[in-house]
Enquirer: 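Got a structure for you, questions after.
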Amino acid sequence: MYLHGTSRINEQGHLEIGGVDTTELAAKFGTPLYVFDEQLMRETMRAYKSALEATGLRHEVAYASKAFCTLAMCRIVAEEGLALDVVSGGELHTALKANFPPERIHFHGNNKTPDEIEQALNAGIGAFVVDNFHELELLGALAAEKGVVADILLRLSPGVEVHTHEYISTGQIDSKFGFDLQNGSAQRAIQESLKTKGVRLIGLHSHIGSQIFETEGFKHAVEIVGDLYAKAIHEWGASDLSVLNVGGGFGIRYTEEDAPLLAHQYIEAIGTAVKSTFDRLGLPYPEIVIEPGRSIVGNAGTTLYTIGSIKDIPGVRKYVSVNGGMSDNPRPALYQAVYEAMLANRAREEETEVVSIAGKACESGDMLIWDVKLPSVKAGDVLAVSCTGAYNYSMASNYNRIARPAVVFVQNGQADVVVKRESFDDVVSLDVVPARLLDGVLSQS
Ligand SMILES: *Cc1c(COP(=O)(O)O)cnc(C)c1O
């Protein structure tokens, strides 16, 4: 397993993260446990900021909170001076509860409800990224009713195809997201928004996909969206236009097959594309916004599990089951995502067997890793799966009524719980038994 950030093997031969022995974390907080390397998250945020600084362009980094959104995470993002993307009332509520500055919040999503729009208008968020005509009309009406003007960006679908998994690719024409350029709806949306009371068009947005390993797609999107930006100013009088948001999707290394670029390489390419495009168009440079999610938290997260049953089918496969699975990490089942792992308690031992890691949910598809090389495993070993920081906790479920794990942040030898482990009572806490059924229960007991 590749060791990211502050991860290392300590003198006891244990995996250590943030100066804390992970076997001690497992003993103290139980497993499954999500462990986040706080220093690595902060360093990555700073790397994006300084790379943008170096382009000389006005800029903002917005952390796409859907990758991992908790109160403590919002605090770190606020402390580091980043902006925050939310895509639902729940994420917005989390940010506001964490005292995240509302003017640095951007609201995304392809079906914001009237209630969510109200909530965001009441909070005074920085900008809405409007996805479709229904939303434009709804937002305009609700803002006008309140006597406010909401700053908006339009989410465009620029028709750029990137090489990534179908379900996480979003910039192509056949996508549920955004206004299409090819069929003219993006052009119409710009004109429409300039006529809509209650909104002010300040920028154009595109997000071409996720887990992207090259810069071509971003360059292509900047050129396409830049052309429309110029047209909006020159032909349609979009005088408040000043922001070009190029989205997120910067890739990370999950396994040795993945070869992402460094933060500054993506940003330099984007900066160069913006400058050459806007020079060509004869326009002042816009403010650049990027929206990394996965690349800020992905490598910083490690999940610790305890190994339980082992089923050896000689000559076929050895299934090693852990006390978690698709309920804490649905990505292998959802996207065929691939992860690396190691034994946290025997990190220096020779890897002598190839096994497959099974989750405990009642689904044959609940497999966390096919074919991983480990030392000879036994029940009670602590398995560490790396790069689980993004889209794991945020996608976790209570399938099989499995309680969701705790989350700890580690740094400088200190571990802080940032999400408590769910109890079984938490799992049933929203259940309601109507009186007529309760009678039945009481009479039986
Ligand atoms: C999901 C999303 C992101 C973040 O994508 P990552 O791959 O996690 O970096 C950024 N912008 C938008 C609009 C998104 O939907």
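For this chain, numbers begin at 1 and follow the sequence in order. All ligand and atom numbering here is 1-based and tracks the order in the structure.
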Enquirer: With Y285, which of T277, L57, L244 fulfils side-chain contact (heavy atoms from CB on, under 4.5 Å)?
Expert: L57
Enquirer: With ring-ring contact (aromatic ring centres under 6.0 Å, His included) as the criterion, how do F409 and F36 come out once you've worked through the C-alpha distance, each side chain's angles and the decisive distance to 0.1 Å?
Expert: CA-CA 5 Å; F409 282 2; F36 280 77; 5.7 Å; yes
Enquirer: List the atom of L33, the atom of A406, and the distance in Å for their closest heavy-atom pair.
Expert: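 So the minimum-distance heavy-atom pair works out to CD1-O, 3.6 Å.
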Enquirer: Does the structure place the NZ or CZ of R155 under 6.0 Å from the centre of the six-membered ring of F177, at an angle of no more than 45° from the ring's axis?
Expert: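 So R155 does make the cation-pi contact.
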Enquirer: For R8, enumerate each residue passing the side-chain hydrogen bond (donor to acceptor under 3.5 Å, both in side chains) test, keeping only those at least two apart in sequence or located in another chain.
Expert: E16
Enquirer: Filter the ligand 1-protein atom pairs down to N or O on both sides and distance under 3.5 Å, then list them.
Expert:
unit_1: ligand 1; atom_1: 7 (O); unit_2: S210; atom_2: OG; d: 2.2
unit_1: ligand 1; atom_1: 8 (O); unit_2: R294; atom_2: N; d: 2.7
unit_1: ligand 1; atom_1: 8 (O); unit_2: Y391; atom_2: OH; d: 2.6
unit_1: ligand 1; atom_1: 9 (O); unit_2: G249; atom_2: N; d: 2.9
unit_1: ligand 1; atom_1: 9 (O); unit_2: G293; atom_2: N; d: 2.9
unit_1: ligand 1; atom_1: 11 (N); unit_2: H207; atom_2: ND1; d: 3.4
unit_1: ligand 1; atom_1: 11 (N); unit_2: E291; atom_2: OE1; d: 2.8
unit_1: ligand 1; atom_1: 15 (O); unit_2: K66; atom_2: NZ; d: 2.7

Enquirer: Is the terminal nitrogen or CZ of R188 (NZ for Lys, CZ for Arg) located under 6.0 angstrom from the six-membered ring centre of F133 and within 45° of that ring's axis?
Expert: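 Verdict for F133: a cation-pi partner in R188.
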